[in-house]
Colleague: 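My questions will all concern the structure given below.
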Amino acid sequence: MNKNKREKEFYSVDVGDSTFTVLKRYQNLRPIGSGAQGIVCSAYDNNLERNVAIKKLSRPFQNQTHAKRAYRELVLMKCVNHKNIIGLLNVFTPQKTLEEFQDVYLVMELMDANLCQVIQMELDHERLSYLLYQMLCGIKHLHAAGIIHRDLKPSNIVVKSDCTLKILDFGLARTAATGLLMTPYVVTRYYRAPEVILGMGYQANVDIWSVGCILAEMVRHKILFPGRDYIDQWNKVIEQLGTPTQEFLLKLNQSVRTYVENRPRYTGYSFEKLFPDVLFPADSEHSKLKASQARDLLSKMLVIDASKRISVDEALQHPYINVWYDPAEVEAPSPLITDKQLDEREHTVEEWKELIYKEVLDWEERMKNGVIRGQPSPLAQVQQ
Ligand code: AMP
């Protein structure tokens, strides 16, 4: 496509402090959220004749953290295809050459709200358990592709008013540094598991801890383990759940173990005390049964020692959740991630710039050829 024709395809509009330069097919942009990577707008897509969400990544190659996250997100979003993970509808950059390349725009399905907004609401057991079921289906699908999230939180989970739910991001790269002894910077860490806080090895059920924290918050309407930093947060964990056993302490590295052993000892509280009946809707015998099931699930998810914590599969079979079990959703074919080095990549700014630019061009190419996620795209004709 020649440069002039390409230029005419775009227009600019100010949203908040930022300028969005988008394809003309996207109209009526309105800011709906912002995260670590930038601003998200809703828009109307004239080609697809539906509302979409557009996220602007400004100079995503500017440093290692941004670049790795943007690249990983782009690659993974292209591969993953599951109803509980946000789907990518389009990717574009208004810049015309690698030299000029600055910004990437990701166009996604538009949802109504993030889970932070839902946490304020009084949900019945039906909605509560359905939201949890969908989180678990999405997580299971990520795990099947070898993606362990480790950073699930309400701001990265979005829902629609019909109670459908999607996970927005892919969490921490395997090589992402984290842990009690790391320098703190402002990110939400309340939902991170003890093995992440304490810098231990982890397995798939690291994500179950986060789901437990989210369920607890939906019931209590308060963050379960708030903390100014990991140290403060660890205190909140042991005050409520009790000091972990010697068997657990032995799994810690020496410096962390010394720290953990020197905290005051707590016996913790029973789950009946932590989540009393008054927190749950208990108007009928059925609701009372559901409340006790929800509490039982919480007690199996919020276990400090991961080796004693419930797995994703077990959680999907739990009586509170398994009422929704649908093999097509739970056992969907796992996505194939072709870039095996995805998490290990270390590059200079210039290399990242080129890698990300190539991913954008690759998307455009695939769209032209009508291929999306390895399959012919149903959107191909409309996108041309
Ligand atoms: P992010 O930059 O991905 O962390 O998103 C920041 C916020 O924007 C989220 O917490 C949501 O409130 C909102 N958001 C992002 N993507 C979408 C979407 N596809 N639909 C609705 N809201 C979204």
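When a ligand or atom number is given, it counts from 1 through the structure's own listing order. Heavy atoms only: backbone and side chains are in, while hydrogens, waters and symmetry mates are out.
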Colleague: Test of understanding: given a 4.0 Å heavy-atom threshold, classify the contact between Asn156 and ligand 1 as side chain, backbone, both, or neither.
Modeller: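 The answer is the side chain of Asn156.
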
Colleague: What protein heavy atom is closest to atom 15 (C) of ligand 1, reported as residue, atom name and distance in Å?
Modeller: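 Result: Leu168 CD1, 3.6 Å.
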
Colleague: Could you tell me whether some N/O pair between Ser155 and ligand 1 is separated by less than 3.5 angstrom?
Modeller: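 Checking ligand 1 against Ser155, an N or O pair does fall under 3.5 Å apart.
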
Colleague: What's the shortest distance from atom 22 (N) of ligand 1 to any protein heavy atom, and which residue and atom give it?
Modeller: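 That would be Ile32 CD1, 3.5 Å.
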
Colleague: With a 4.0 Å cut-off, would you call Lys288 and Glu285 a salt bridge?
Modeller: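 A salt bridge links Lys288 with Glu285.
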
Colleague: Check this for me - ligand 1, Gln37, N or O atoms closer than 3.5 angstrom, yes or no?
Modeller: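 No; the residue has no nitrogen or oxygen that sits under 3.5 Å from a nitrogen or oxygen of the ligand.
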
Colleague: Would you say the side chains of Tyr190 and Glu217 form a donor-acceptor pair under 3.5 Å?
Modeller: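 No - no donor-acceptor pair under 3.5 Å links their side chains.
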
Colleague: Does Ile86 approach ligand 1 within less than 4.0 angstrom via side chain, backbone, both or neither, non-hydrogen atoms only?
Modeller: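 The answer is the side chain.
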
Colleague: Indicate, with yes or no, if the rings of Tyr202 and Trp209 have centres closer together than 6.0 Å.
Modeller: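 Judged by ring-centre distance (under 6.0 Å), Tyr202 and Trp209 do not meet the cut-off.
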
Colleague: Specify the protein heavy atom at minimum distance from atom 12 (O) of ligand 1: its residue, its atom name, and the distance to 0.1 Å.
Modeller: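 Heavy-atom neighbour on the protein nearest atom 12 (O) of ligand 1: Asn114 ND2, 2.9 Å.
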
Colleague: Using a 4.0 Å heavy-atom threshold (strictly under), name the region of Lys55 that reaches ligand 1: side chain, backbone, both or neither.
Modeller: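 The answer is the side chain.
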
Colleague: Aromatic contact between Phe101 and Phe61, with the criterion being ring centroids under 6.0 Å apart: yes or no?
Modeller: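 Distance test on ring centres: under 6.0 Å, yes.
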
Colleague: Using a heavy-atom cut-off of under 4.0 Å, does the side chain or the backbone of Ser34 touch ligand 1, or both, or neither?
Modeller: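 Contact part for Ser34 vs ligand 1: backbone (N, CA, C, O).
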
